[in-house]
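Inspection log for the structure reproduced underneath, given as structure tokens.
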Amino acid sequence: MPTDYIRNGILYVTENYLCFESSKSGSSKRNKVIKLTDITDIQKYKVLSVLPGSGMGIAVSTPSTQKPLVFGAMVHRDEAFETIFNQYVKITSASSNSES
């Protein structure tokens, strides 16, 4: 699967957003803000075993991305995935209930 691979930064999860802040200087174009309600797919992803975190990452797809965004080289990938997924389910469930 072709991806847009992103690493070297901090991934934040807020009540409504998934945010990535690049740690490379002058890389503000790599900063990402994704509304959780815009996520169409999220999955655990294994890039390369030679990378930090055993190459573990999280792939996120949205309607505006041509290929999944992979936030990689994550040491605590499983915990991050659970946090993102749980908040995603919480916000999309609340959104569905308010539309009913």
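Treat the numbers as computed from the prediction; the structure is a model and nothing was measured.
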### Task
Would you sort out whether L18 and F71 count as a side-chain contact (heavy atoms from CB on, under 4.5 Å), showing the intermediate values?
CA-CA 11 Å; L18 178 62; F71 301 98; 4.2 Å; yes
### Task
Begin from the C-alpha positions of T37 and I91 and carry the test side-chain contact (heavy atoms from CB on, under 4.5 Å) through to its verdict.
CA-CA 7 Å; T37 54; I91 193 123; 4.1 Å; yes
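Nearest heavy-atom pair across N31 and S22 is OD1-N, 2.7 Å. Scanning both residues, V89 and T92, for their nearest heavy atoms gives O-OG1, 3.3 Å.
Contacts classified as side chain to side chain donor-acceptor pair (under 3.5 Å) and involving residues 79-89 (residues at least two apart or in different chains) are not found. Note on residues 85-95: no pairs pass salt bridge (Lys or Arg N to Asp or Glu O under 4.0 Å), not counting sequence neighbours.
To the nearest 0.5 angstrom, I58 atom CD1 is 6.5 Å from L11 atom CG. Here CG of L36 is found 8.5 Å from CD1 of I84. Values are rounded to the nearest 0.5 Å. Between D38 atom CG and N16 atom CG the span is 11.0 Å, to the nearest 0.5 Å.
For S61 (side chain) and T40 (main-chain N/O), no donor-acceptor pair under 3.5 Å exists by modelled atom type.
By the rule that hydrophobic residues join a cluster once side-chain heavy atoms approach within less than 4.5 Å of another member, Y17 and V60 end up as members of separate clusters.
Taking the side chain to side chain donor-acceptor pair (under 3.5 Å) definition, one finds that K44 meets it with D78, sequence neighbours left out.
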